[in-house]
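Only one structure is covered here, and it is reproduced in the block below.
Lettering follows sequence order; numbering is per chain, from 1. Side chains are part of it too, since the values below use all heavy atoms of this structure and drop only hydrogens, waters and symmetry mates.
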Number of protein chains: 2
Amino acid sequence: MVNVAVLGYGTIGSGVVEVLQTNTEVIAQRAGEEIAVKYILDLRDFPGDPNADKVVHDYDIIDKDEDVQVVVECMGGVEPAYTFVKRALLNGRSVATSNKELVAKHGAELIAIAHEKNINFLFEASVGGGIPIIRPLVQCLTADVIEEVSGILNGTTNYMLTRMKEEGISFEEALKEAQEKGYAELHPEADVEGYDACRKIAILSSLAFGQQVDFEDIYTEGITSITAEDIRYATAMNKSIKLLGNSWRVDGKIYAMVCPMLLDNAHPLSGVNDVFNAIFVRGNMVDETMFYGKGAGKLPTASAVAADVVDCVKHTGKNIKILWNPEKLTLSDLGDFERQYFVRMPADAEAKAITAAFGAVEMVSVEGINEKAFITGVMKESAFNEAAEKAGHIINRIRLD
Amino acid sequence: MVNVAVLGYGTIGSGVVEVLQTNTEVIAQRAGEEIAVKYILDLRDFPGDPNADKVVHDYDIIDKDEDVQVVVECMGGVEPAYTFVKRALLNGRSVATSNKELVAKHGAELIAIAHEKNINFLFEASVGGGIPIIRPLVQCLTADVIEEVSGILNGTTNYMLTRMKEEGISFEEALKEAQEKGYAELHPEADVEGYDACRKIAILSSLAFGQQVDFEDIYTEGITSITAEDIRYATAMNKSIKLLGNSWRVDGKIYAMVCPMLLDNAHPLSGVNDVFNAIFVRGNMVDETMFYGKGAGKLPTASAVAADVVDCVKHTGKNIKILWNPEKLTLSDLGDFERQYFVRMPADAEAKAITAAFGAVEMVSVEGINEKAFITGVMKESAFNEAAEKAGHIINRIRLD
């Protein structure tokens with residue numbers, strides 16, 4: 001019998017307890033041992049909860065109990081999660097966490113401690129909720145040089161963009177709807193400004209390229225500037241607008257960014273709608289693969305954490321090797337990367353001035369929108385920015401994938 | 001340094017050698033040791049090939065060389081692959097194979113030998129080519145009770161159905177095109193009759209439910225009866241026709257089948273086109289997940305085999321537990337399963353007779369096709385078959401997912 005302590009009895013933490021207590025039998029079969037929840041650490045009490053007797057308020061109780069073999073961390077945020085997780089690992093306990101902030105910030109260090117102690121630090125649920133993506137990157141695509149990871153990593157914004165496309169509603173209306181449904185928070189910045197996606201692509205990039213990618217270095221643009229008109233243009237061009245976390249390697253240079261992108265409707269990510277997430281991975285041998293599922297939600301996320309607990313138990317006394325070098329990877333300057341752009345300018349913008357700034361462009365028109373809209377040729381981002389400066393007032397611009 | 005022997009130097013076998021020799025450095029990093037190809041077993045010689053000196057014609061040479069730690073089997077077919085693989089395992093060598101016939105037929109036995117010998121028998125490439133699906137089922141979704149596995153498991157038929165939809169062409173024209181492109185063989189039965197998909201869903205079902213599912217027990221229907229008219233109806237109903245390998249659990253009963261299905265266009269599998277494959281997995285906690293990628297092709301498939309070799313090396317002296325009980329699982333009678341059906345009858349079929357046979361139906365019409373077509377209510381397959389008998393001549397019927 002393996003005893004687990006769960007830190008944080010919020011949505012995910014209580015979900016992990018539910019998964020372990022509901023699927024006890026299959027989990028024991030796969031882990032080779034029964035897994036039981038011994039402690040739940042939370043500041044609150046939960047009178048009436050069937051697990052109320054397991055709740056403790058002091059981490060020391062868990063720390064001192066040598067019967068605890070695995071610690072599950074679902075508190076969120078960097079502190080005190082970091083302190084507790086580090087203590088657990090230094091004390092020889094394997095840890096499973098769903099905490100993207102913790103992993104993005106301290107993943108490399110915690111992986112190194114687990115390696116040294118011959119235990120495990122696993123974090124499948126920190127990206128993509130229930131979707132297996134960390135394990136596929138680390139343990140499945142091991143014969144490939146990874147060339148690109150692109151993902152719809154935030155369910156809230158994907159729901160909003162889906163509703164804007166389906167109903168023609170504005171960003172503000174979509175946000176209100178997402179808040180009413182409980183998908184978006186009252187203060188939705190972490191989602192709509194792309195901060196959540198940024199931490200997740202930082203984790204995926206660190207794993208894909210085997211080296212620390214700091215989330216602070218990743219250029220991040222959210223969806224707050226996307227309007228109903230942008231969506232109408234996208235539909236007219238047979239494209240979809242998706243908020244993507246992206247990282248890719250070209251000629252030995254590695255780039256990363258989070259921003260709304262115009263994807264062809266034939267791209268497998270373009271059909272990923274509502275609160276679903278998906279991560280597209282391109283390797284030099286396997287070519288394109290994609291992993292799809294519920295990127296959030298209590299039980300899907302908890303399922304991923306519980307699977308990590310199973311792996312911790314199966315690998316007792318054996319470290320699962322995760323290549324994540326703590327030395328910081330210097331991302332290349334996005335200004336040098338070449339792509340096409342979709343641009344909207346006022347109706348009175350002159351064709352000559354547009355061509356003078358951007359070179360040859362392909363005009364796009366949508367009935368009822370009186371503007372000059374176009375797609376540029378392939379150009380460096382730095383050249384595009386200069387051209388945009390020169391061209392005058394730009395209503396919006398969206399990158400093409 | 002770990003030495004590998006590759007059995008079969010055809011498309012996949014030569015791909016595995018290429019992957020191991022191209023990505024040598026990252027593979028060594030991940031495996032923790034360098035991996036080298038020492039032997040290639042094939043009946044043919046390959047003069048001029050850079051690996052010509054590694055070719056042997058007699059398995060005994062490999063069997064007797066104690067320097068060979070991992071055997072890669074890419075011969076296809078049950079014999080002599082089965083004999084060689086069993087000898088390798090009994091001799092203490094881990095085996096990675098891409099051979100679906102071998103795994104569907106003898107998987108349970110070979111897994112048991114590997115378990116007993118504390119080595120590994122891995123077969124990621126036997127289903128879905130480069131798509132990680134075996135490892136996700138066995139090692140990722142370990143906290144879930146699996147309730148459904150549905151997949152587009154055959155790239156050739158998916159290409160044909162995609163072309164029929166895009167171009168309005170017939171089955172015969174699509175087959176000819178697939179043959180010209182090298183996707184379909186001259187004798188295309190294994191693909192178009194669903195036999196290939198059947199072996200693959202047998203493997204996935206055995207893993208999902210932890211018990212031997214015999215492919216001979218799986219009801220299998222190919223796409224040979226799908227016509228351009230069926231596709232036009234599907235499009236008019238905002239659905240797609242896909243050849244699915246399916247297995248699912250309802251009320252403790254397990255069903256499995258291979259057949260063309262009408263999927264809503266909102267279903268994540270409906271957007272999987274061309275030669276791509278995808279496997280949809282539903283668990284009681286994680287809900288819906290999907291794994292997408294190139295289901296065939298030299299390098300994608302070889303990438304999966306090579307990743308298995310990496311896992312064999314990483315797990316030297318440690319068996320990766322795979323739950324696949326050799327006791328045969330008795331599939332439930334499909335006649336008892338309830339679903340809706342799309343039915344096409346001649347124009348002169350009387351509404352009264354249709355209702356008398358099938359109960360209330362929803363009529364479907366497409367311009368230019370003079371028929372009586374409809375969707376039935378939810379009914380047992382046995383009841384549907386009786387009704388169809390009673391109703392008279394049926395042009396075609398397709399199950400709704």
I need the residue from A:S270, A:G293, A:A307, A:G130 with the largest number of non-hydrogen atom pairs under 4.5 Å to chain B.
A:A307
With a 4.5 angstrom heavy-atom cut-off, is it the side chain or the backbone of B:K318 that approaches chain A, or both, or neither?
side chain
Using the rule given for side-chain hydrogen bond (donor to acceptor under 3.5 Å, both in side chains), can you reason through B:E124 versus B:S126, listing the C-alpha separation, both sets of side-chain angles and the distance that settles it, and then say yes or no?
CA-CA 6 Å; B:E124 180 62 72; B:S126 66; over 6 Å; no
Is the shortest side-chain heavy-atom distance between A:V145 and A:R249 below 4.5 Å?
yes
Can you find a heavy atom in the side chain of B:F123 that is under 4.5 Å from one in the side chain of B:S98?
no
Please tell me whether B:H267 and B:F280 form a close aromatic pair, meaning their ring centres lie under 6.0 Å apart.
yes
Please tell me if the side chains of B:L299 and B:V19 come closer than 4.5 Å, counting only heavy atoms from C-beta onward.
yes
What part of B:E25 gets closer than 4.5 Å to chain A, counting heavy atoms only: side chain, backbone, both or neither?
neither
Which one, B:I320, B:N284, B:N273, leads in non-hydrogen pairs under 4.5 Å with chain A?
B:N284
Does any backbone or side-chain atom of B:L323 lie under 4.5 Å from a heavy atom of chain A? Answer side chain, backbone, both or neither.
side chain
For chain B, which of A:P136, A:P268, A:A306 has the most heavy-atom pairs under 4.5 Å?
A:P268
Please determine, among A:A143, A:A302, A:C140, the option with the most heavy-atom pairs under 4.5 Å with chain B.
A:A143
Is A:R282 close to A:D287 at the side-chain level, that is, under 4.5 Å between some pair of heavy atoms?
yes
Most heavy-atom pairs under 4.5 angstrom with chain B, which of A:E18, A:K314, A:E288?
A:E288
Check B:G297 against B:I12 and note the closest heavy-atom contact, atom names and distance.
O-CD1, 4.3 Å
Checking B:D144 against chain A: side chain, backbone, both or neither under 4.5 Å from a heavy atom?
both
Any side-chain heavy-atom pair from B:K165 and B:T235 closer than 4.5 angstrom?
yes
Need one label for A:L20: side chain, backbone, both or neither, based on atoms under 4.5 Å from any heavy atom in chain B.
neither
Looking at B:V305, B:D311, B:V309, B:T289, which has the largest count of heavy-atom pairs under 4.5 Å with chain A?
B:T289
At a heavy-atom distance under 4.5 Å, which candidate from A:N265, A:I27, A:V138, A:T301 has the highest pair count against chain B?
A:I27
Chain B interface, residue from A:M290, A:R135, A:Q139 that has the most non-hydrogen pairs under 4.5 Å:
A:M290
B:I35 portion near chain A, given a 4.5 angstrom heavy-atom threshold:
neither
Once the angle between the rings of B:F276 and B:Y292 is folded into 0 to 90°, is it parallel (under 30°), tilted (30 to 60°) or perpendicular (over 60°)?
parallel
